[in-house]
Each structure stands twice: as C-alpha cells, then as structure tokens.
*Asks:* 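One structure follows; several queries about it will come next.
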Amino acid sequence: MTTVQTIQTAIQNQQVRFVRFIWCDNANVIRAKAVRTTMLDPFLAGNGVGIAAAQQALPVMYDALAPDTGLTPDGEVHMRADWATFAVLPYAPGHARVLTDIYAGDQPWSHCPRAFLRRMIAAAAVRDLSVFAAFENEFSLLRPTPDGPAPCDTTVFCQTAALDGAAAVIDTMTAALEAQGLLVEMTYAESGPGQFELPVRYADALRAADQQIIFRETVRACAAQHGLLASFVPKIYPDKAGNGAHLHLSLARQGVSVVTEPDHPRTLSAPMRAFMAGILEHLPALMALTTPSTNSFKRIRPRFWSGAFTCWGMGNREAALRVPMPDSSLPITNVELKICDATANPYLALGAVIAAGLDGIDRRLALGEAVRGDPADLSESERLERRILPLPATLGEAIAALERDELLLQALGSDLARSYLAVRRAEWQAMKDMSHDEEVRLILERY
Ligand code: GLU
Ligand code: MG
C-alpha cells in the first residue's frame, strides 16, 4: 500500500475527523491547523495548508509582529505535510497529526526551520557523514491550586515515591509515546520538585527533531488528561534544579558509527573530536538557538549540573559537552550537549549544532583536554589559560554572539537569520526586566 492508502485506511478505521498540520515557529511555539478529513484530498496530493508568512515574525509574548523581521502581514506560505510523520493521536480522540515543511510557491521557504535542518543534514551528507540525535527532556509536573500551579511532589533524584505518586500519568505518557513510535528507554524522577525525565531512543537527525515536537505535545496533553500541567520551562523555581533538554549526538559514515576509533571503542575518533571542538567554538552563539529564552540563562549556572563553561569532560556533569561513560566493557556511543533546553526550536537548535560541528571538521579544530572535576573549582587564571570560558550570562549576550557568528548566520541564510534574530531580540527587550514570577507565568504554558 502507498503512504496515501495507509493514511486513508487509518483515517477510516480509527474514525479520524481532523488532521492537525503542525509547525513550530521561531519562538518555538508549536501550532497547528486541523483540517477536516473529508477535505483532505488536495493535501494528500501534495498541496499545502496556507498560513501567513508573518507567522515567523511572532515572539512568544503575543500574536503580533516583532519589528525588523523582513516579514509583513502581506504574504502567504503553505504547510506541506510530510506524510511519513502521520499518526493518529492516542490522546485526542478523532484527531491525527502530521508534521510539515513550509513552502513558498514550489520552493522550500527560506524561513522554514525544518528546511534549515534538512539543509544541514545534506551538508553533513556531502562530507559522507550522517548525524543521529536524541533530546533528553526534563519537565515539571504541576497541579492547579488556588495560588497557581504547584509541583505535584517534593521528591529528590530518583526517589521511588515519585514514580508511585505519578504512576498513572507517566504510564499514560509512555504508552502514548510508544503508540507514536517513540521508545521511552527509562523513567525516573529528577532532582527538582515534581520533576521527571523520560529519555527516548535516538533517531536520525530529522526524526530526532520531529520526536522532540511529538514528545512535548504528548507529555503536555497526557498531563492535562490527568488534571496536571507539564511544563518544560528551564527554570521555574530559582533555587531548584532546572529543566534541560540535553542533546545527545553521534556521527556515522556508511551506516557505521564513527564516534570512536574503529579498534578503540573507548577513544573518541578524530572527526568526533573536531565536531565537538566546533560546537565548543560556536557555543556562545549557539546558545541563542539552543537555550534561547530569557529564562534559559537562569538554568545555566555553575553547580547545577547544567554546564556553565566552554569545556568538555568524560562523564563530567559540570561540562557543557559530556561524553557519557558506559560500563567499561561497552563502547562510547555518543556525546551530550547540556546547553540545550525545550524552549529551543528543535530544528533550529539541531541544525545549528550540526553546522558548528561540521565547521570544526572542516577547519580540523583541536578539542583540547578534557576537564576533570568541577570547572567552577579551577582558579580564574587556570581557566583562562586552558580557554575554559564562562558562557554568555543572558539572552542579550547570546544574541550579540550570534550576530557576530558569520558561520552560523550563513548556515541559517539571511532570511531566517533576520526573522529569528528579530523575534529573539523582541523577546529580550520585552522580558529582560520582568520579575521572575511574571516571566514564568508568561511562558509556563507555551513550553
Ligand atoms: N537538571 C540538570 C540541567 O538543568 C541536569 C541534571 C542531569 O540530568 O545531569 O541540565
Ligand atoms: Mg537529567
């Protein structure tokens, strides 16, 4: 059966009445138009659902255009379904969803985040490399109270009582994710109050970014079914652990992992080291894409296991780039970028990380020495000598770093770079002086 026939059969058998055409914008808000299934034929034939081009000009605060995005209310683009991503939604009876690529006429739209990631995947392919990835999300489960949402528990890292307390909702989430093809590898309580982590199986880069959209949608909807609010906001409680979305990465050539040396499964390969060096080199600018909200920068602090310096380490949870250390008989399979959270548009974040890594490979950048221990414990002069630098402390600083980063600007392309920077600048201006409570209230249900 063709994809179209499979979809038509699923729609009939499962009584789907609406298909949500999903896109994720520059501000990382996930949006959809739901199309009546009786009207689906033109879209199954490849036509797109229309949206205003100005959708890529909206900051997180409200549905109004940010200044200087290069976009105006005049202009229409079209979401074309990637039917390979179609799924009936286990948490919304009568609804299915499909992820989309945005087109301007016959061409992928220059402002489309998914098109950007596709270009970066193609750039890796030119170098005979494929990238695999997984976003490892932490999130907070909150319950409504008369004083506003409050954590659903007060447990600490991996406390079994948290799994018992949230057993029903976590079960609903893992089953719904699995029904959509995302394999949840583990479930456990994270350190913060009401904080959980459900790592999912890695996938090729495009699928990994798609999975991040599906994950956020599913976790949010399943929590709501249980009368709870799931939020991925990086720092809800200033003195408690934050919510990261660590980005796990690996490289392969001709289907074979090249993370390590062929005969030394515990030694990082030359391309992997250069890829990591590229990420570290561009990290201050990358932060405007991987940790792109004002709130994100409250999470990136020394001694919170979120990585606050430009360094890497083997099994070091205070390093921005960590090589997870499996048991000694197993090979190293991937590296983890801690400087990423779920306020990042996954297509933009992963695409930019790939661009930075490939730059490391092209320029044969040297990785330098792994950091042992907490980099915050080194003296400032020692850090300086080893080029272990503090990361930008605010979104404003990260935006300024991206504005200076020719490589990333070129990778994004002038249109997307312009609309993206304009949206984040508008958010920085609107939110930089907000109180913490006001900021969290504004974004708690957006992410
Ligand atoms: N919650 C920490 C963060 O903000 C990460 C803790 C861990 O899983 O190592 O990134
Ligand atoms: Mg964690």
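First listed ligand is number 1; within each ligand, the first listed atom is number 1.
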*Asks:* Look only at interatomic distance and state if H246 has a nitrogen or oxygen under 3.5 Å from any nitrogen or oxygen of ligand 1.
*Replies:*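 Among all N and O atoms of H246, at least one is under 3.5 Å from an N or O of ligand 1.
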*Asks:* Quick test: of every protein heavy atom, which one is nearest to atom 9 (O) of ligand 1, and how far off is it to 0.1 Å?
*Replies:* K338 NZ, 3.1 Å
*Asks:* Side chains of S130 and D204 only: does a donor on one sit below 3.5 Å from an acceptor on the other?
*Replies:* no
*Asks:* Evaluate G242 for polar contact with ligand 1, using N/O atom pairs at a separation under 3.5 Å.
*Replies:* yes
*Asks:* Considering only N, O or S atoms, which atom of E197 is nearest to the Mg ion (ligand 2)?
*Replies:* OE1
*Asks:* Is it the case that more than 12 heavy atoms not belonging to E369 sit under 6.0 Å from its CD atom?
*Replies:*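 Incorrect, the count does not exceed 12.
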*Asks:* With heavy atoms of W305 as the reference, note each atom of ligand 1 found under 4.0 Å away.
*Replies:*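 Answer, ordered by atom number: 2 (C), 3 (C), 5 (C), 9 (O), 10 (O).
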*Asks:* State the atom name: nearest N, O or S atom of E190 to the Mg ion (ligand 2).
*Replies:*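 This residue's closest N, O or S atom turns out to be OE2.
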*Asks:* So, K235 side chain and K240 main chain: donor-acceptor pair closer than 3.5 Å or not?
*Replies:*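 Yes.
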*Asks:* Ignoring hydrogens and geometry beyond distance, is a side-chain donor-acceptor pair present between D210 and T85 at under 3.5 Å?
*Replies:*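 Result is no, nothing qualifies.
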*Asks:* Quick one: which ligand 1 atoms are inside 4.0 Å of a heavy atom on R317?
*Replies:*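 Close to R317: 9 (O).
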*Asks:* Of the options V200, D341, L247, which is the one that meets F135 in a side-chain contact (heavy atoms from CB on, under 4.5 Å)?
*Replies:* L247
*Asks:* Give, for atom CZ of R220 and atom OH of Y91, the distance between the pair rounded to the nearest 0.5 Å.
*Replies:* 6.5 Å
*Asks:* Check whether any N or O atom of E190, backbone or side chain, sits under 3.5 Å from an N or O atom of ligand 1, and answer yes or no.
*Replies:*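 N/O-N/O distance below 3.5 Å exists for this pair.
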*Asks:* Which atoms from ligand 1 have a heavy atom of S306 less than 4.0 Å away?
*Replies:*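 Heavy-atom distances to S306 below 4.0 Å select 3 (C), 4 (O), 10 (O).
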*Asks:* Just need the protein heavy atom nearest to atom 6 (C) of ligand 1, so name the residue and atom and give the distance.
*Replies:* E138 OE2, 3.5 Å
*Asks:* Which residue owns the protein heavy atom closest to atom 3 (C) of ligand 1, what's the atom, and how far is it?
*Replies:* R299 NE, 3.4 Å
*Asks:* Can you confirm whether more than 12 heavy atoms, excluding those of H264, are under 6.0 Å from its NE2 atom?
*Replies:* no
*Asks:* Does any donor atom in the side chain of N295 or E439 lie under 3.5 Å from an acceptor atom in the other side chain?
*Replies:*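 Checked: N295/E439 side chains pair up, N/O donor to acceptor below 3.5 Å.
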*Asks:* Among the N, O or S atoms of E138, which one sits nearest to the Mg ion (ligand 2)?
*Replies:*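 Checking each N, O and S atom of E138, the shortest distance to the Mg ion (ligand 2) belongs to OE2.
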